[in-house]
There are 2 protein chains.
Amino acid sequence: MRTTRELTGKDIMRQERRGHLIEHPPIPPFKTSRIKDVAREAGVSTATVSHVINGTKYVTDDTRKRVLDAIARCEYHPNAHARSLASGRSNMLGLLISDISNPFFPEVVKAIEAAAFERGYNVILLNTNYDPERAADYVRRLSELKMAGVALMTSELDSELFHEITRRQTSVVFDSHDVTSERMGNICVDYAKGIEEAVRHLVSLGHRRIAHIAGASRIPSGVIRREAFQDFMKRYLPDEPAPAIYEGDFRLDGGRRAASEILASEELPTAIIAANDMMALGAMREFRKAGLSIPQDISVVGFDDIAFAALSEPPLTTVCSPRAEIGRRVVEALVTMIEHPEQRGSELRIPTHLITRDSTAPPRK
Amino acid sequence: MRTTRELTGKDIMRQERRGHLIEHPPIPPFKTSRIKDVAREAGVSTATVSHVINGTKYVTDDTRKRVLDAIARCEYHPNAHARSLASGRSNMLGLLISDISNPFFPEVVKAIEAAAFERGYNVILLNTNYDPERAADYVRRLSELKMAGVALMTSELDSELFHEITRRQTSVVFDSHDVTSERMGNICVDYAKGIEEAVRHLVSLGHRRIAHIAGASRIPSGVIRREAFQDFMKRYLPDEPAPAIYEGDFRLDGGRRAASEILASEELPTAIIAANDMMALGAMREFRKAGLSIPQDISVVGFDDIAFAALSEPPLTTVCSPRAEIGRRVVEALVTMIEHPEQRGSELRIPTHLITRDSTAPPRK
DNA sequence: GTGGCTTTTAAAAACGGTTCGAACGAAGTA
DNA sequence: TACTTCGTTCGAACCGTTTTTAAAAGCCAC
């Protein structure tokens, strides 16, 4: 087996064009074989090689074998750029996300990557870090990169940028409600259902005074959770006064701050529901620091079921949003739309469920 | 401003070639303007447009302005595939990683993405999920994708695959020691320094019997930590018998299992150093479940300083491996090699330092 | 007005693939 | 034997850029 082919005149030219003269090449450029090399090696045309690779036309077993051998001999890997350019297709999915270090996302990303891999797609990661300017720049880059599809999991997009993307790309939005169009799908977490379960759980334990630590009010998914909380409190406890709501920021500190506000209030609630686990953990820290014990003095429910919810002290009762499923569904929706552009984008709501651990208990008498 | 140009015969052809007949187009394909359209619009050649975009040659202010206006009018975004193909360059970095949901990585990835963004590069994420087959497939894909550079942060690569990559791509390895070559850099965490600080800290508190929960022994970085532990124990406590070592897996469960082995041993150590935070947290859980209190009965030191190290009960004393810096350095090294291929890849060691929290204290008398 | 410069622009050849339509033999039919 | 038909392969156009090379335009002095 010939592992390195002799340099042809053509190759030398290629080297020269790339600016490395032959006289004294300090670092040899990376050499890769092209479909032409394979074709020559196999004694067929490039068209045939292409058909063997892509299965786009019938080729005799004999020819196919010759081609495959040649491919192996040349260690040939088709150039993805050339391929995308020529075919007008691409196998890359863009993933626009606010903050991958937010504990909610890594698992989603992992699932997305895994599902994409299985279907032959690659994922390119665009992390806005909550910066609208960066988001805007990414929207431009996405247009240059000609992705097959884009998953939007960020809230830094104003409606203009958003429109810009959906006009140019097949896309799936996460958690942004009531937008679906021709080539755009929509996937959201059923926050209301989870909040309902949480409220019901606390009510059935005997709680009446339940407070809510909400997410930042500019983030739609936080608003949904807050409104659901208010609705279900009214439904399950129609005779109680409207429950207290504290605004947080989805982060540990927001939970802490909300907790100290709660501690400063006249009459302590017997339970709280936080809009996510980070804030629940922050609040628990603050409560314990103030000498309260959980769940005896106050019950705490979180939302998300991040890995550390199970590890806190006490382990946190929380609503699980199934992150692996979210990732899978996002890719599923994208790939369906990419491969069947005639279908309209669909809307999908992913169910949540309560996981009962040790941070909730009946209130003290 | 003309937002949509009339369809030319050429455009119609393009639509037909893509398989969408005009007769009854259910979903219009995404239309994008090409450099040719811009050139026509500005009344110049495509070469000039290209030079304006890339600044590759001087163009008169007048022409440049005409071109820029045309670009804006056409909402033109150069096709990245065509660009890479023609120029032989690409602005994509591959990031090969074992498991992005491992709490060590998200922050590294975030920093990598941020540094890449700043320099105009995009990141494509390849998550092997500890699966060697998937790793092998990714190595092939990397070769197809013609990345500008690749960061290898995984241990699923056998030496053949590893060689395969480094032969075809400029690359940076993370945490794999003693490999540097022409177009390959090497970045590692200075585990030994961190372990030394941890040992010194415990010894200065008065501990003598210190055990180690090691990482999986097939992972080199785990072995380094274990050996460093043994070395420094011998150096700081030359008269004590060799310390006990328990093998874990870098995960919560491994820490738990190790802890229960420790609890079953004849004479309990007064302190343990775990090879990472996850195992330290797992061990703490197990110790507390057995009725020990930390740090009074046993001190615990972790490694990494993941976000939850500060949130555990008690907050964990741990060695911080600066993940944001790791990410920055990786990109820095890659970009340097990409843009100055004549330079040899360098080796860089990133320092660590101990963060003292509440999980360590002098041993009970 | 012309010859010799230097700018600026344009035409055309890559880049490495895909894909359409035609060419070519072999086999089948009249 | 001549005419189709079918199955397989090939040549060539094309994808949207960059980049080289060459030509045109502008400028100046003589």
Side-chain angles (χ1 to χ4, degrees), chain A residues 9-11 13-19 29-40 42-67 71 74 76-91 143-146, chain B residues 9-11 13-19 29-40 42-67 71 74 76-91 143-146:
Chain A
K10 182 64 183 268
D11 289 315
M13 269 186 51
R14 292 169 76 205
Q15 288 195 15
E16 287 181 341
R17 287 202 75 217
R18 283 178 186 163
F30 296 114
K31 259 179 315 187
T32 71
S33 44
R34 301 147 295 165
I35 200 172
K36 250 187 231 181
D37 303 316
V38 174
R40 180 165 11 84
V44 299
S45 76
T46 64
T48 306
V49 177
S50 172
H51 287 133
V52 167
I53 293 173
N54 302 305
T56 27
K57 242 183 193 175
Y58 185 80
V59 218
T60 22
D61 285 355
D62 177 52
T63 324
R64 191 208 322 288
K65 186 173 175 329
R66 285 216 319 281
V67 170
I71 288 178
C74 299
Y76 170 68
H77 297 267
N79 179 321
H81 296 302
R83 212 204 266 247
S84 302
L85 179 57
S87 67
R89 283 184 292 275
S90 126
N91 62 158
S143 170
E144 299 182 353
L145 291 166
K146 313 288 176 213
Chain B
K10 182 62 184 267
D11 290 316
M13 270 186 52
R14 291 168 78 204
Q15 290 196 12
E16 284 181 344
R17 286 201 75 217
R18 285 181 184 160
F30 296 114
K31 259 179 312 186
T32 71
S33 44
R34 302 147 293 166
I35 200 173
K36 248 186 234 179
D37 303 316
V38 175
R40 181 166 9 85
V44 299
S45 78
T46 64
T48 306
V49 177
S50 172
H51 286 134
V52 167
I53 293 174
N54 302 304
T56 27
K57 242 184 194 172
Y58 185 80
V59 236
T60 20
D61 285 355
D62 176 52
T63 328
R64 192 212 317 292
K65 186 175 175 326
R66 285 217 318 283
V67 170
I71 288 179
C74 298
Y76 169 68
H77 297 267
N79 180 321
H81 296 302
R83 210 200 263 245
S84 302
L85 179 57
S87 67
R89 283 185 294 274
S90 124
N91 63 159
S143 170
E144 300 182 352
L145 291 167
K146 313 286 178 216

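Proteins come first, then strands; the chains are lettered A, B, ... in the order of their sequence lines, and each starts at number 1. All figures in this text were calculated on a predicted structure; none of them were measured in a lab.
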What is the distance from NE2 of His81(A) to C1' of dG16(C), rounded to the nearest Å? 11 Å

Taking OP1 and OP2 of dT19(D), is either one under 4.0 Å from a side-chain nitrogen or oxygen of Arg89(B)? yes

Show the nearest heavy-atom pair for residues Gly43(A) and Arg66(A), with the distance to one decimal. O-NH2, 3.9 Å

Between Ser90(A) and His81(B), what is the shortest heavy-atom contact and its length? CB-NE2, 4.1 Å

Note down the inter-axis angle between the two ends of the helix from dG1(C)-dC30(D) to dA30(C)-dT1(D), five pairs each, to the nearest 10°. 70°

Taking all atoms of both residues into account, what is the closest heavy-atom pair of Ala39(A) and Ser45(A), and its distance? CB-C, 3.8 Å

Please find the pair of heavy atoms, one from Leu85(A) and one from Asn79(B), that lie closest to each other, and give the distance. CD1-ND2, 4.3 Å

dC15(D) OP1/OP2 closer than 4.0 Å to side-chain N/O of Asn79(B): no

What is the distance, to the nearest angstrom, from the CD1 atom on Ile35(A) to the C1' atom on dG11(D)? 14 Å

NZ of Lys31(A) versus C1' of dG16(C): gap in Å, rounded? 18 Å

Glu144(B) CD to dC15(C) P, in whole Å, measures 20 Å

Per atom distances to the Tyr76(B) side chain, the nearest of dT17(D), dG16(C), dT19(D) is dT17(D)

Considering every strand and a 4.0 Å limit on heavy-atom distances, what is the contact class for Ser50(A): base, sugar-phosphate, or nothing? base

List the atom of Arg83(B), the atom of Pro78(B), and the distance in Å for their closest heavy-atom pair. NH2-CG, 2.9 Å

To the nearest Å, how far apart are Arg34(B) CZ and dG16(D) P? 5 Å

Nucleotide dG16(D), atom C1' - distance to CG of Asn54(B) in whole Å: 13 Å

Provide, to the nearest angstrom, the distance between the NZ atom belonging to Lys36(A) and the C1' atom belonging to dA13(C). 11 Å

Between Ser50(A) (side chain only) and Thr46(A) (backbone N and O only), is there a donor and an acceptor less than 3.5 Å apart? no

Electrostatic pair Asp37(A):Arg40(A) at N-O distance under 4.0 angstrom: yes

Audit row: Asp61(B), Arg64(B), salt bridge (charged side-chain N to carboxylate O under 4.0 Å, His left out) steps and yes/no: CA-CA 5 Å; Asp61(B) 285 355; Arg64(B) 192 212 317 292; 3.4 Å; yes

N/O to N/O distances under 3.5 Å, protein versus nucleotides 7-11 of chain C:
| from | atom 1 | to | atom 2 | distance (Å) |
| --- | --- | --- | --- | --- |
| dT8(C) | O3' | Thr60(B) | OG1 | 3.4 |
| dT9(C) | OP1 | Thr60(B) | OG1 | 3.1 |
| dT9(C) | OP1 | Thr63(B) | OG1 | 2.5 |
| dA10(C) | OP2 | Ser45(B) | N | 2.7 |

Atom-to-atom span, CZ of Arg83(B) to P of dT17(D) - whole angstrom: 8 Å

Look only at the side chain of Ser87(A) and the backbone of Arg89(A), and say whether a donor-acceptor pair between them is shorter than 3.5 Å. yes

